[in-house]
Amino acid sequence: MMIIKRAVQILIVLLVAVFFSLEGIGYYLAGRSGSAVVGTGAEKNSKGTPAASFKGSPAALRKKIASLSPKGIYIIIDTARNRLYMKKGEEILREAVISTGSGSILKDPSGKREWVFDTPRGERTVKSKITNPAWVKPDWAFVEEGEEIPADNRDRVETGMLGDYALSIGNGYLIHGTLYTRLLGRSVTHGCVRVGDEDLEFVYKNTPIGSKVIIF
């Protein structure tokens, strides 16, 4: 049973990797407005020999990629470039400059806990949508500020930090607004995705609950 379970896990990882690779190619093609020439055979490597080419036309490749894309509206988060793409099929409905996880590590002074501030990669869904969200500060927020962790949970609630809207993608991670708009485009968050006010309002109002959110 363990061998079968391990084989299934490996298969799932391979399928996800293939999906993201094809999605990345889809961005490239879409970003070039369909004018990209992929592996025409005219390209040569540094030794002057023809580069390897794809079998089939670019149109056929796009069709294959489109068949693997989520249906309806979905969101893609590019953590390397700090960009959010709201898409419907191959059409980009909105592109936004965002901030994602810093990747930094915070350790509890006791040495018993540590937190890694990454934005989680993989496929998620919009679990819920919130207006005027309040931030319920987790333990690390107090540790980071050198403050005592409150015993009363009401002392954890802070308003006005997350903007006018938030989309929950599970496990405490949100796509939300920010007071620090000057930092958009940089990896500075504790794992959530920060978006500017106008882009956030558009994404909030046009993304249904249940929509896919792909983060890479």
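The figures here come from the full heavy-atom set of this structure, side chains too, leaving out hydrogens, waters and symmetry mates. None of these values were measured; they are calculated from a predicted model.
Shown here for G191 and P120, the closest heavy-atom pair between the two residues is O-CD, 4.1 Å. Looking at every heavy atom in both residues, I214 comes nearest to P70 through CD1-CG, 3.7 Å. The heavy-atom pair separating C192 from G172 by the smallest distance is SG-O, 4.0 Å.
Taken from CG in D164 to OG1 in T131, the straight-line distance is 9.0 Å, to the nearest 0.5 Å. Taking CD1 of I77 as the reference point, atom CD1 of I175 lies at 4.5 Å (rounded to 0.5 Å). Summarising the geometry, atom CD1 belonging to I92 is positioned 10.5 Å from atom CG belonging to L84; distances are rounded to the nearest 0.5 Å. Rounding to the nearest 0.5 angstrom, the gap separating the CD1 atom in I76 from the CZ atom in R83 is 14.5 Å.
Within the 3.5 Å criterion, the main-chain N or O of R186 finds a donor-acceptor partner in the side chain of S99. Using a distance-only test at 3.5 Å, with no hydrogens or angles considered, no donor-acceptor pair links the side chain of T125 to the main chain of K127. Remark: the backbone N or O of Y173 is not paired with any side-chain donor or acceptor of N171 at under 3.5 angstrom.
Taking hydrophobic clusters as Ile, Leu, Val, Met, Phe, Trp and Tyr residues chained together by side-chain heavy-atom distances below 4.5 Å, W115 shares a cluster with W135. Residues V195 and Y165 are members of one and the same hydrophobic cluster, defined by side-chain heavy-atom contacts under 4.5 angstrom among Ile, Leu, Val, Met, Phe, Trp and Tyr. Hydrophobic clustering, with ILVMFWY side chains joined whenever heavy atoms are under 4.5 angstrom apart, keeps L179 apart from L184. Hydrophobic clustering (ILVMFWY, side-chain heavy atoms < 4.5 Å, transitive): L93 and I215 are in one cluster. Both F117 and L162 belong to a common hydrophobic cluster when Ile, Leu, Val, Met, Phe, Trp and Tyr are linked at side-chain heavy-atom distances under 4.5 angstrom.
S104 is linked by a side chain to side chain donor-acceptor pair (under 3.5 Å) to S102, counting only residues two or more places apart in sequence or in another chain. Annotation: side chain to side chain donor-acceptor pair (under 3.5 Å) contacts of T79 (sequence neighbours excluded): R121. For R182, the salt bridge (charged side-chain N to carboxylate O under 4.0 Å, His left out) test picks out no residue, with sequence neighbours left out. A search for salt bridge (charged side-chain N to carboxylate O under 4.0 Å, His left out) contacts involving D118 returns nothing, not counting sequence neighbours. Checked against side-chain contact (heavy atoms from CB on, under 4.5 Å), A80 has the following partners two or more places apart in sequence or in another chain: D78. S110 pairs by the side chain to side chain donor-acceptor pair (under 3.5 Å) definition with D108, not counting sequence neighbours. Qualifying side-chain contact (heavy atoms from CB on, under 4.5 Å) partners for S187, counting only residues two or more places apart in sequence or in other chains: N82, T100. Taking the side chain to side chain donor-acceptor pair (under 3.5 Å) definition, one finds that S168 meets it with nothing, sequence neighbours left out.
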Does the pair T119 and V193 meet the rule for a side-chain contact (heavy atoms from CB on, under 4.5 Å), with working shown?
CA-CA 7 Å; T119 299; V193 177; 4.1 Å; yes
Before giving the answer on side-chain contact (heavy atoms from CB on, under 4.5 Å), spell out for K88 and I73 the whole-Å C-alpha distance, their side-chain angles and the decisive distance to 0.1 Å.
CA-CA 4 Å; K88 184 177 183 180; I73 288 175; 4.2 Å; yes
Could you walk me through whether I169 and L174 pass the side-chain contact (heavy atoms from CB on, under 4.5 Å) test, one step at a time?
CA-CA 6 Å; I169 56 175; L174 301 173; over 6 Å; no
Show your working on side-chain contact (heavy atoms from CB on, under 4.5 Å) between I75 and K87 and close with a plain yes or no.
CA-CA 6 Å; I75 293 172; K87 299 187 70 175; over 6 Å; no
Using residues 140-150 as the side-chain source, report each donor-acceptor pair under 3.5 Å to any protein atom, sequence neighbours left out, with the distance given to one decimal.
from, atom 1, to, atom 2, distance (Å)
E144, OE1, H190, NE2, 3.0
E144, OE2, H190, NE2, 3.0

Please output the side-chain donor-acceptor pairs of residues 198-209 that fall under 3.5 Å, not counting sequence neighbours, one pair per line with the distance.
from, atom 1, to, atom 2, distance (Å)
D199, OD1, R94, NE, 2.8
D199, OD1, R94, NH2, 3.0
E201, OE2, K205, NZ, 2.7
N206, ND2, F202, O, 2.7
T207, OG1, V203, O, 2.7

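Every pair passing salt bridge (charged side-chain N to carboxylate O under 4.0 Å, His left out) that includes a residue from residues 206-216 is listed here, sequence neighbours excluded: E123-K212. Each salt bridge (charged side-chain N to carboxylate O under 4.0 Å, His left out) pair with one or both residues in residues 129-140, not counting sequence neighbours, appears once here: R113-D139, K137-E158, D139-R156.
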